[in-house]
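Here is the structure we will look at, set down as structure tokens.
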Number of protein chains: 2
Amino acid sequence: MRKGDFEHYEEPGCPTEVTVGVIGGKWKTLILTYLMAGPRRFGEISRLLPQASKRMLTLQLRELEEDGVIHREVYREVPPKVEYSLTECGESLKPILLLMADWGEKHVDSKIEALKRR
Amino acid sequence: MRKGDFEHYEEPGCPTEVTVGVIGGKWKTLILTYLMAGPRRFGEISRLLPQASKRMLTLQLRELEEDGVIHREVYREVPPKVEYSLTECGESLKPILLLMADWGEKHVDSKIEALKRR
DNA sequence: CAGGATCCCTAGGGATACTG
DNA sequence: CAGTATCCCTAGGGATCCTG
């Protein structure tokens with residue numbers, strides 16, 4: 001089991017915990033958002049998220065894969081090529097991801113103000 | 001500015017980053033979800049999230065407050081009483097929170113299976 | 001009751017080097 | 001290109017004690 005992650009699933013708790021467990025990682029929501037537009041190669045995702053190291057990106061992608069929301073397709077070529085895409089389960093997250101993009105767009109200004117205040 | 005948090009807001013990036021910045025903390029989504037039902041006292045939230053220490057809860061609540069999604073009402077009584085509630089801005093997150101609860105409910109079983117596999 | 005302040009530790013994650 | 005493997009460090013967070 002992933003450490004600290006949903007360790008008490010015997011007790012129901014709140015269903016939201018499940019969703020947070022899947023998309024709650026540091027970069028996961030952003031990765032999934034970018035994948036909504038279609039499959040992306042590792043390097044593309046890396047360039048879209050310059051703040052995330054390749055190491056972290058790999059780890060987050062592995063967990064998303066384990067949770068069944070993204071698919072990893074390896075093309076055995078030289079040089080190697082790997083494409084990540086949303087699974088059907090991942091597609092079912094679209095409504096959430098789209099609402100999050102909407103909300104962010106509407107509140108970007110006040111968030112920037114909040115950050116400057118600190 | 002909060003460390004590591006949206007440090008490059010000069011460059012637009014993805015709007016979703018804003019939303020993740022606000023609700024992306026370890027316990028924030030859960031806190032907000034519980035507050036949807038109405039105001040809650042600190043102790044109540046703490047009991048709803050036994051895994052979170054009081055210290056962490058306080059920190060997360062402060063950030064949610066700074067971001068303007070929750071309101072902190074202090075009743076000057078003995079013993080002290082503090083109630084947290086969603087602001088109007090926080091209420092606007094409801095559609096997202098409700099979708100997340102839905103998604104979690106539908107995928108709780110497969111998530112448990114994924115966890116057992118590890 | 002609802003935190004604030006300190007001390008302290010570990011595991012999350014960066015940097016670098018290497019490989020199929 | 002798309003990772004994996006190591007080393008290494010720091011800051012995130014637990015535990016404890018204190019207070020308005």
Side-chain angles (χ1 to χ4, degrees), chain A residues 1-8 17 20-31 34-35 38-67 70-85 118, chain B residues 1-8 17 20-31 34-35 38-67 70-85 118:
Chain A
M1 189 188 303
R2 205 180 292 155
K3 56 284 160 193
D5 180 31
F6 204 50
E7 276 167 4
H8 297 63
E17 288 179 32
V20 172
V22 174
I23 70 174
K26 183 137 214 260
W27 305 104
K28 292 183 182 179
T29 304
L30 264 359
I31 292 171
Y34 287 127
L35 290 183
R40 294 240 183 230
R41 300 183 56 172
F42 182 84
E44 294 184 279
I45 301 174
S46 184
R47 253 167 281 121
L48 288 166
L49 296 167
Q51 260 60 61
S53 65
K54 291 186 357 171
R55 176 187 137 84
M56 276 315 296
L57 229 40
T58 303
L59 292 173
Q60 299 275 291
L61 286 165
R62 290 291 172 279
E63 294 193 356
L64 288 169
E65 193 187 359
E66 286 179 45
D67 285 331
I70 69 172
H71 172 69
R72 180 168 177 266
E73 183 74 29
V74 182
Y75 297 85
R76 292 194 59 74
E77 313 169 352
V78 180
K81 170 180 168 185
V82 176
E83 263 188 1
Y84 293 92
S85 57
R118 281 158 204 171
Chain B
M1 188 188 302
R2 205 180 292 157
K3 56 285 160 194
D5 183 28
F6 204 49
E7 276 166 5
H8 298 66
E17 288 178 33
V20 172
V22 174
I23 71 174
K26 183 138 214 263
W27 305 103
K28 292 183 182 178
T29 304
L30 265 356
I31 292 171
Y34 287 126
L35 289 183
R40 294 241 183 228
R41 301 184 55 171
F42 182 84
E44 292 183 282
I45 301 175
S46 184
R47 253 168 279 121
L48 288 167
L49 294 168
Q51 261 60 61
S53 66
K54 291 185 0 172
R55 176 186 137 84
M56 277 314 297
L57 229 40
T58 302
L59 292 173
Q60 300 274 291
L61 286 164
R62 288 294 171 277
E63 294 192 358
L64 288 169
E65 192 186 359
E66 285 178 46
D67 285 330
I70 69 171
H71 171 68
R72 180 166 177 268
E73 183 74 28
V74 182
Y75 297 85
R76 293 193 58 75
E77 314 171 347
V78 180
K81 168 179 167 183
V82 177
E83 263 188 0
Y84 294 92
S85 57
R118 283 159 202 167

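Order of the sequence lines sets the chain letters (A, B, ...), proteins ahead of strands, with each chain counted from 1.
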key: Whole-Å gap separating C1' (D/dA15) and CD (B/Gln51)   = 16 Å

message = For B/Val22 versus B/Leu64, what's the shortest heavy-atom pair and its separation?
response = O-CD2, 3.7 Å

key: Nearest-nucleotide 5' precedence on DNA chain D, A/Lys81 against A/Arg55   = A/Lys81

ask   = Any side-chain N or O of B/Arg72 less than 4.0 Å from the OP1 or OP2 oxygen of C/dG3?
value = yes

Closest approach of A/Pro39 to A/Glu44 (non-hydrogen atoms, all atoms of both residues) = O-OE1, 4.5 Å

Nearest to side-chain heavy atoms of A/Arg41, which nucleotide of D/dC1, C/dG3, D/dG3 = D/dC1

message = What I'd like to find out is whether the side chain of B/Leu57 reaches to under 4.5 Å of the side chain of B/Phe42, using heavy atoms alone.
response = yes

request  = Would you mind telling me which of C/dG20, D/dG3, D/dG20 lies closest to the side-chain atoms of A/Pro80?
outcome  = C/dG20

note = Whole-Å distance, A/Leu59 CG to C/dG13 P, equals 9 Å

remark   = Which of D/dG3, D/dG13, C/dG3 is nearest the side chain of B/Arg62? It is C/dG3

Donor-acceptor under 3.5 Å (B/Gln60 side chain, B/Trp27 main chain) = yes

inquiry  = Starting the side chain at C-beta, find the nucleotide from C/dG3, D/dG14, D/dG3 nearest to A/Phe42.
reply    = D/dG3

query = Whole Å only: how far is the CG atom of A/Leu57 from the P atom of D/dT4?
reply = 12 Å

request  = Please determine which of B/Glu73, B/Arg40, B/Arg72 meets the side chain to side chain contact (heavy atoms under 4.5 Å, CB included) test together with B/Tyr84.
outcome  = B/Arg72

task = Starting from the 5' end of DNA chain C, give me the residue, A/Trp27 or B/Arg47, whose nearest nucleotide shows up first.
result = B/Arg47

request  = Using atom NZ of B/Lys54 as one end and atom C1' of D/dA15 as the other, report the distance to the nearest whole Å.
outcome  = 12 Å

message = Without decimals, in angstroms, what is the distance between A/Glu83 CD and D/dG3 P?
response = 12 Å

task = Starting at atom CE of A/Met56, determine the distance to atom C1' of D/dG3, rounded to an integer number of angstrom.
result = 15 Å

request  = Could you check how far CG of A/Leu48 sits from P of D/dA2, rounded to whole Å?
outcome  = 13 Å

ask   = Any idea which of C/dG3, D/dT4, D/dA2 is nearest the A/Val82 side chain?
value = D/dA2

ask   = Tell me: NZ of B/Lys26 to P of D/dA11, nearest whole Å?
value = 19 Å

request  = Kindly say if B/Ser53 contacts the phosphate of D/dG14, meaning a side-chain N or O under 4.0 Å from OP1 or OP2.
outcome  = yes

key: Nearest-neighbour nucleotide for the B/Pro79 side chain, D/dG3, C/dC1, D/dG13 considered   = C/dC1

inquiry  = Starting the side chain at C-beta, find the nucleotide from D/dG13, C/dG3, C/dG13 nearest to B/Tyr84.
reply    = C/dG3

